Each structure stands twice: as structure tokens, then as C-alpha cells.
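Have a look at the structure below before the remarks.
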Amino acid sequence: MIYCLLSIPLLILFYWFYRDKRTLQKQQQRRAELRAQPFSAAYSQILEDDFPLYSRLPDELQQTLKQHIQIFLDEKEIVGRDGFVITDQVRVLIAAQACVLILKRPGNYYPGFQSILVYPDTYQADSTRTDGMLHITDTSTRAGESWHRGPIVLAWSHVIQGARDSRDGRNVVMHEFAHKLDEENAAMDGLPMLPTAAQYKAWSEVLNAEFKVQQQKWAEGVDDVIDTYGATSPAEFFAVVTETFFEKPHPLENHHPKLYEQFKQCYLVDPKQWSKNRVD
Ligand SMILES: [Zn+2]
């Protein structure tokens, strides 16, 4: 009798393991099918017209990005808010900018959430903070946000501006999806999952030192290639440097070579090489 009772949890564990394995197999099969499908000519035209960073990519990475876009659009749900209509242009430009971050990173397509909510323009959002016994609600105007284990929210006016100007160091889609990479290992603390265990020590040393420098510059009102918003917290520093890394790689490497090297190893790409390919 006791053996029968003991075997029940084992059976449940076996069932869960088997079910997860089957789900993973189906997902891998679906992704392989999507990668093999031809990329829509209309989608290519959108990338050519509205996303100059795409045109700078080497051919091999252009192909990888297209495959990522097909999988991303199959797995994520993009929903309009305040009457905003989701078109192919909206879908492709959000997917493309999000997938630049995972061009070469091993792993998944932003697991743990499914929905991306899109407002036509900046929107008002409430946040609550506690001060002693008081709960205070502040309202602020936002261009985007990433809810922990929840949806990403974006303002289309900033999404399209970020896509069309890939040299200004500002990109709301990259910023919010960098937060999603950051939270893959639980806390959103500026420490994403790195490709190898050996990288964590150097990452922590360089990022901590550079974050302190950024805070000092912010306090003294000194400009830097990294936007001052990066001094807000380690999580914001990671997201802001991600925007700078992909959009201003040369100045970032010139002024912060150690930081650039860490981001190169984190994303497994070298965006300063891309500018050699085509002119935008
Ligand atoms: Zn942020």
C-alpha cells in the first residue's frame, strides 16, 4: 500500500515532465516551420522603408532577423489601445526592433509574457508609492513601459520615430525589451542572463563602476553619450545602454570601451561593424 502511495507523486512528476517535453518539441517544430517559410515581400518593404538599421545589417543577420520576426509575430499578441489600429507596419516594426536584441543571443523569444499594448501617442499612467502610512498615486505621461511578468506598453509615435532614426540613441522598443531580457533571471536589476557563467564577474565589476560614473555625471550635470535617465537605477542603466549600444556604437566604444565590450559579449553582436555595410 505504502509503495502505491509513494508512486503517485512520481507518476505526477513523470506526467509533468512528459507534458513539458511534448510542449517544447511542438514549439521547436513550429519555430522550424516558421523559419523555413518565405518572408513576405510586403514586410520586407516595410523594413526597407522604415527601419534603416535593417539595411545596415550583413546579409546573414538580415536573414536571421526575418526569421525571428516570423516567430515573434506568431507567438506575441499586439493589441491597439484608444482606438489605435494594428497594421502590418506596426507589427513588423515592433517585432524587428525587439528582435535586434536577440539576433544572436541563445535562448527564447522573450518568454513569460505574450501581449504588447500599443497607444497611438504618449499616454497617462498611474503609479502608487508608499510614504509612511500614506499611499500616494502619481500620474505621469509615458512613451512605453514593461510590466514585470506582464505586458509591454508602447506609444506608436515613439515606436515609429525610434525605427526611422537609428542613430539618435533613443529607441523605446529596444529599451522596454531590454527590461524583458533583464527579468528573465527573476529580478529586474540590470543583470541579464549572460551567454556563459564566466562572464558574470567582469559584467558586475564593469557595470557597477560605470553606473557610479553615470550617477556622478548626472549629479554634476555633465553630458555623456549615455542618456542621463540611465542613472536612475541599474535596471534603467542596462536598458539605456542597450539603446546606445545599438544606435551609437562608435561613441559608446570611444567613451566607454569596457562597457562596450561587455555589451558585445552579452548580445553577441558588434553593431559598430554594421555601419560599414550600407549608408542610411
Ligand atoms: Zn525603463
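Since the structure is predicted, the reported quantities are computational estimates derived from the model, not experimental observations. All ligand and atom numbering here is 1-based and tracks the order in the structure. All residue numbers refer to positions in the sequence shown, counting from 1.
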Quiz prompt | Pairwise ring-ring contact (aromatic ring centres under 6.0 Å, His included) hits with a residue in residues 24-43, at least two apart | solution =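 Qualifying pairs, neighbours excluded: F39-Y43.
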
Exercise. I would like to know whether K248 and E243 meet side chain to side chain contact (heavy atoms under 4.5 Å, CB included); could you show each step before the answer?
Key: CA-CA 8 Å; K248 289 185 168 182; E243 296 175 76; over 6 Å; no

Quiz item: What orientation do F113 and F177 show, parallel under 30°, tilted 30 to 60°, or perpendicular over 60°?
Solution: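 Because their plane-to-plane angle lies in the 30° to 60° range, the rings of F113 and F177 count as tilted.
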
Exercise. Check the angle between the aromatic planes of F246 and Y267 and answer parallel, tilted or perpendicular using the 30° and 60° thresholds.
Key: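 The rings of F246 and Y267 stand perpendicular, inter-plane angle above 60°.
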
Quiz item: What protein N/O/S atoms are found closer than 2.8 Å to the Zn ion (ligand 1)?
Solution: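 Listed by chain and number: H175 NE2, H179 NE2, E236 OE1, E236 OE2.
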
Quiz item: E176 side chain to S146 main-chain N or O, any donor-acceptor pair under 3.5 Å?
Solution: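 Yes, the answer is positive, given that a donor and an acceptor are paired below the 3.5 Å cut-off.
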
Quiz item: Which is it for Y119 and V153 under the side chain to side chain contact (heavy atoms under 4.5 Å, CB included) test, yes or no, and what are the steps along the way?
Solution: CA-CA 8 Å; Y119 285 88; V153 189; 3.5 Å; yes

